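Below is one structure, written out as structure tokens, with a few remarks after it.
All ligand and atom numbering here is 1-based and tracks the order in the structure. Being a predicted model, the structure only gives us computed values, none of them experimental.
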Amino acid sequence: MPVVLPDASTLPLRAQTGKTWGRSRDVSRRVVLSTLTLLLLCPLMVIYFWLACTHYQCSLVAPYTRLSTLFHAADPLFGPILRSQLPQPSVEAALLFAGWLVFQGLLYAFLPGPVGQGQQTPAGHILPYKVNGLRAWLLTHALFVAGSSLGLGWFSASIIYDHWGGLLIAANLYGYGLTAFAFSKAHLFPTHAEDRKFSGSYAYDLFMGIELNPRFGQLWDFKLFHNGRPGIIGWTLINLSFAAAQYQQLGRVTNSMVLLNFLHAVYVVDFFYHEDWYLRTIDIAHDHFGFYLAWGDSVWLPFMYTLQSHFLVRHPIDLPWLVATGLLAMGLVGYYIFRHANNQKDLTRKADGKLNIWGRPAQVIRAAYSTSDGKQHTSILLTSGFWGISRHFNYVGDLLMCFAFCAACGFDYLLPHFYFIYMTILLVHRIQRDGARCTAKYGPYWDEYCRRVPYKLIPYIY
Ligand code: NDP
């Protein structure tokens, strides 16, 4: 028996409790403790992975075994060895990093591009965003290829690989500085004060962010810039530099490196081609700007998402052509699901639910929600196509792609598979976060969606 929901357009205003949906405000002691752990653990993890790749052939066990043996034996070499194996700061790397940020900041500010619209915020704002990412990506890569040893030879194409340790230090300093700046800005000169969330815990606010959309001026958006530009533009540039390093060492580039560069580039170019869509995803529409995004975009994304290409410099792998073709096919199938699922949702909302999905009229729930200014709004939840298979089938496409990226590195080492493990944890956690947020936002409409589409990710499994 279908549940009859009230027509969203005639629903009376919900009682205002002073709280809106969105980032949690009431956090338990356990959550604060996990936040503190992550604040400390994440940077240590990135350094450990860097050290494992740089000094221990990408073995995750070897650094621990070697260093703990020295430590427990009270060996006087422990300190000097550890110090010599940690990433070292360098002026060149710091200048490279600063130049990179300034260059991307200028491209973001001055390259022309269309202006897209974000999702309505809990306080009722709909913000404009300049979406010139594809141009910035093309220009950055064209200049890199033209200026490097791949073109005019002004600098080596392996420049990023050559300064990887110094860049890690510079990126960390920036990531922590940006987190502190975002925290202070939220208190002192917020962009949209009504869209801030305070939890009562400094640690949680620092980690998850207070401001939803910190900005300089009308259009220079911290989240879109940091995730897209130094983060995602950097991703393919770093891969290219690692491929150049492999070429310098081997005199050729292996098919696994080509495959990886290609599949990552498909993901990245797609991101910029559909940058307008990205404005209505969780990163931009719902996550606040704190350590999670500020440090995450500056350090975690460039250093952990590129672990596979780093691995392939240390372990060049020639895949049998059948395997390479199979992985290419898996990556492209994943991409197809990822892109089409995301498009179905975006197009359904743009067409107000009046379109065909897989040859039939889209099935939707017209849901109501209110914003903190007391106004009532309506939105659409699609319940057919990929969104009728499970509530997050777009994540299945992403996970298939991630698996193909990692499998290109073979199965002898765990390190290159970290990305798949991490993405699985991230996306499963996201499903839980998103479920709680959508329940708070849509109430009975979300319950009805869960009733019609009972599985979260994979039908009959989860
Ligand atoms: P979604 O694009 O799935 O966005 C979820 C939001 O969409 C919900 O909060 C809700 O927001 C709205 N929504 C949920 N169900 C429906 C529905 N049935 N119909 C219409 N709208 C709905 O999630 P993400 O932003 O997490 O992911 C976007 C893509 O980015 C995914 O493909 C994911 O795999 C990828 N991704 C990649 C990451 C990476 O690091 N590589 C990290 C995270 C994501 P509301 O109603 O408020 O608009």
For His192 and Thr121, test the side chains for any donor-to-acceptor distance below 3.5 angstrom and give the result as yes or no.
no

Looking at Tyr449, which atoms of ligand 1 are within less than 4.0 Å of one of its heavy atoms?
15 (N), 18 (N)

Heteroatom distance test (Trp446, ligand 1): nitrogen or oxygen, under 3.5 angstrom
no

When you measure from the centre of the six-membered ring of Tyr129, is the NZ or CZ of Arg215 closer than 6.0 Å and no more than 45° off the axis?
yes

Report, in ascending order of atom number, the atoms of ligand 1 lying under 4.0 Å from any heavy atom of Tyr267.
37 (C), 39 (C), 41 (N)

Would you call Arg391 a ligand 1 contact, heavy-atom distance under 4.0 Å?
no

With a cutoff of 4.0 Å, is Ile380 in contact with ligand 1, counting heavy atoms of the residue only?
yes

Stepwise ring-ring contact (aromatic ring centres under 6.0 Å, His included) test for Tyr267 and Tyr335:
CA-CA 7 Å; Tyr267 196 69; Tyr335 169 68; 8.1 Å; no

Atoms of ligand 1 under 4.0 Å from any heavy atom of Asp398, numbered from 1 in the order shown, are 33 (C), 34 (O), 35 (C), 36 (N), 37 (C)

Check the angle between the aromatic planes of Tyr419 and Tyr422 and answer parallel, tilted or perpendicular using the 30° and 60° thresholds.
tilted

For the side chain of Glu448 and the backbone of Ile365, is there at least one donor-acceptor N/O pair under 3.5 Å apart?
no

Could you list which atoms of ligand 1 come closer than 4.0 Å to a heavy atom of Cys438?
8 (C), 9 (O), 10 (C)

When you compare ligand 1 with Lys441, is there at least one nitrogen or oxygen pair between them that comes in under 3.5 angstrom?
yes

For ligand 1, which atoms sit closer than 4.0 Å to a heavy atom of Tyr442?
45 (P), 46 (O), 47 (O)

Using heavy atoms and a 4.0 Å limit, tell me yes or no: is Leu426 in contact with ligand 1?
yes

Checking heavy-atom distances from atom 17 (C) of ligand 1 to each of Ile282, Leu382, Asn227, the winner is Leu382

Just to be sure I read this right, does ligand 1 sit under 4.0 Å from the backbone of Thr281, its side chain, both, or neither, counting only heavy atoms?
both

Does Phe386 reach ligand 1, in the sense of a heavy atom lying below 4.0 Å from it?
no

Could you tell me whether ligand 1 has any atom less than 4.0 Å away from a heavy atom of Tyr305?
yes

Hey, does the side chain of Asn132 reach the backbone of Tyr108 with a donor-acceptor pair shorter than 3.5 angstrom?
yes

Going by atom types alone, do Trp137 and Thr236 pair a side-chain donor with an acceptor below 3.5 Å?
yes

Under 6.0 Å from the OH atom of Tyr48, do we count more than 12 heavy atoms belonging to anything else shown?
yes

Report yes if the side chains of Tyr369 and Tyr445 come closer than 4.5 Å at any heavy-atom pair, otherwise no.
no

State whether the side chain of His226 and the backbone N or O of Phe222 hold a donor-acceptor pair below 3.5 Å, judged by distance alone.
yes

If the cut-off is 4.0 Å to any non-hydrogen atom of Tyr419, which atoms of ligand 1 fall inside it?
41 (N)

Tell me, please: is Arg349 in heavy-atom contact with ligand 1, that is, under 4.0 Å?
yes

Counting from 1, what ligand 1 atoms have a heavy atom of Asp434 closer than 4.0 Å?
5 (C), 8 (C), 9 (O)

Main chain of Ala109, side chain of Lys130: is a donor-acceptor contact present, judged purely on distance under 3.5 Å?
yes

Could you tell me which atoms of ligand 1, counted from 1 in the order shown, lie closer than 4.0 angstrom to a heavy atom of Arg437?
8 (C), 9 (O), 10 (C), 11 (O), 45 (P), 47 (O)

Does an N or O from Gln119, backbone or side chain, lie closer than 3.5 Å to an N or O of ligand 1?
yes

